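For clarity, every value in this text was computed on a predicted model and none was experimentally measured.
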Amino acid sequence: GGVQMTAAVSAPKAEFYCPREMTEHLASVLRGEYRVPGYTPSCGALVLDLGANLGAFTVWLFTEYPDLDLHAVCFEPHPSNFTYLVENIRRFIQSGHAAHVTTREEAVYADGELTLYEGVHNCGENSLWRGEEQTDKSLIVQGRSPSTLPPCEYMKLDMEGAEMATLIGYPHMAGVKAVALEFHSSRDRQAIKALLNPAGFTLVGEDMPISPERGTQKWLRTGAKEAA
């Protein structure tokens, strides 16, 4: 119910639509917040966008690598966010960009119905866990186990706390060359390092602009730069 205010965020040769309170964050994603230094996807690579929100990462991906024939699979469970996601991808393609994108209205964590809590400040805070940034307003969404996800080369995760469980449950990590993610606690930050370092990944970027409890990490598999 009600009217959702939208604002156009500048993207090359296309407009990106989102609620006004999301413009600053999504503008940083469209500028390449999840770029993994030293990595270029292989031609035809499959990319997983887990916690796709309104589609900013996928729009950036195909803007940054327009000639690589990539395939992105986007997962976003919230119905309103999913509507924005589909519309932004549609507008991006209609503006003349080539993009092979599959969208799924699902939360990657576990199979079956899951409870999703809405964010206090914006739709980027929607989470399967109710913390300080979530309200008591919730809805039931469709879930999917990470064990059922397809093999990918490039994985982006911004899942408001489900990143660690997804990395542990994903059965195709051996084929992943690059991971870009947002962590939502210092505990997860360290746990992700303890998981990915022994798995053959090198941390090539870490940013915590506001607090050590939240930030981004970029991981590159050893040798991936040379293979790209």
Side-chain angles (χ1 to χ4, degrees), residues 9-12 16 22-43 45-66 68 70 72-76 108 122 124-125 127 133 146 149 151-168 170 172-228:
V9 178
S10 177
F16 189 92
M22 289 293 290
T23 55
E24 183 177 350
H25 170 64
L26 294 179
S28 68
V29 178
L30 289 164
R31 288 192 297 266
E33 183 178 27
Y34 292 108
R35 181 198 313 273
V36 177
Y39 168 69
T40 300
S42 303
C43 187
L46 189 138
V47 181
L48 289 179
D49 186 354
L50 307 179
N53 193 247
L54 314 184
F57 169 77
T58 291
V59 167
W60 167 82
L61 178 77
F62 286 98
T63 303
E64 184 72 10
Y65 307 110
L68 295 183
L70 303 176
V73 185
C74 304
F75 290 85
E76 171 54 46
V108 175
N122 58 62
E125 295 175 346
S127 177
E133 295 182 339
L149 296 175
C152 77
E153 180 180 305
Y154 187 7
M155 180 184 289
K156 171 261 180 183
L157 309 92
D158 183 0
M159 307 162 75
E160 301 303 307
E163 294 81 9
M164 186 66 183
T166 298
L167 291 170
I168 291 173
Y170 184 60
H172 308 293
M173 285 303 295
V176 176
K177 293 183 179 179
V179 177
L181 61 87
E182 184 169 291
F183 59 85
H184 299 87
S185 70
S186 56
R187 180 179 178 178
D188 276 359
R189 174 184 172 232
Q190 297 302 330
I192 290 167
K193 287 183 178 181
L195 177 70
L196 292 184
N197 268 323
F201 288 90
T202 300
L203 183 63
V204 293
E206 186 173 52
D207 187 27
M208 295 170 286
I210 299 174
S211 161
E213 295 296 319
R214 179 186 290 267
T216 58
Q217 293 179 341
K218 292 93 172 185
W219 294 86
L220 184 65
R221 181 172 293 281
T222 303
K225 180 178 180 180
E226 291 75 15

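Distance check, rounded to the nearest 0.5 Å: NZ of Lys177 to CZ of Arg221 gives 10.0 Å. Note that CD of Glu64 and CG of Leu30 are 11.5 Å apart. Values are rounded to the nearest 0.5 Å. Distance check, rounded to the nearest 0.5 Å: SG of Cys152 to CG of Leu50 gives 7.5 Å. In this structure, Ile192 CD1 and Leu195 CG are separated by 8.0 Å, a value rounded to the nearest 0.5 Å. The distance from the OH atom of Tyr65 to the CG atom of Leu70 is 8.5 Å, given to the nearest 0.5 Å. Atoms CZ and CE, from Phe183 and Met208 in turn, are 5.0 Å apart once rounded to the nearest 0.5 Å.
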Should Glu182 and Lys156 be marked as a salt bridge (Lys or Arg N to Asp or Glu O under 4.0 Å) after you check the CA-CA gap, both sets of side-chain angles, and the distance that decides it? CA-CA 9 Å; Glu182 184 169 291; Lys156 171 261 180 183; over 6 Å; no
Go through the steps to decide whether Met164 and Arg187 satisfy the test side chain to side chain contact (heavy atoms under 4.5 Å, CB included), and finish with yes or no. CA-CA 10 Å; Met164 186 66 183; Arg187 180 179 178 178; over 6 Å; no
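Looking at heavy atoms from C-beta onward, Val176 lies in side-chain contact with Phe201 at the 4.5 angstrom threshold. Between Asp158 and His184 there is a side-chain heavy-atom pair separated by less than 4.5 Å. Counting heavy atoms from C-beta outward, Asn53 and Met22 have side chains that approach closer than 4.5 Å. Taking the side chain as every heavy atom from C-beta outward, Leu48 and Val108 never approach each other to under 4.5 Å. A 4.5 Å side-chain heavy-atom check between Leu167 and Leu181 finds at least one atom pair inside the cut-off. Looking at heavy atoms from C-beta onward, Glu206 lies in side-chain contact with Lys193 at the 4.5 angstrom threshold.
Summarising the geometry of Trp219 relative to Asn197, their closest heavy-atom pair is CZ3-OD1, 3.4 Å, with the distance given to 0.1 Å. Summarising the geometry of Trp60 relative to Gly32, their closest heavy-atom pair is NE1-CA, 3.4 Å, with the distance given to 0.1 Å. When all heavy atoms of Thr40 and Glu153 are compared, the closest pair comes out as O-OE2, 4.4 Å. Taking all atoms of both residues into account, the shortest heavy-atom contact from Val36 to Ala180 is CG2-CB, 4.0 Å. Contact between Cys74 and Thr58 at its shortest, heavy atoms only, is SG-OG1, 3.1 Å. The two atoms that bring Pro151 and Leu46 nearest to each other are O-CD2, 3.5 Å, heavy atoms only.
Between Tyr154 and Tyr34, the ring center distance fails the sub-6.0 Å criterion.
There is no side-chain donor-acceptor pair under 3.5 Å between Glu213 and Ser185.
Between Tyr170 and His172, the ring planes lie perpendicular to each other; the angle is over 60°, past the 30° to 60° tilted range.
The main-chain N or O of Gly200 is found under 3.5 Å from a side-chain atom of Thr222 such that the two form a donor-acceptor pair.
One finds no salt bridge joining Glu33 and Lys218 here, because no Lys/Arg side-chain nitrogen approaches an Asp/Glu carboxylate oxygen to under 4.0 Å.
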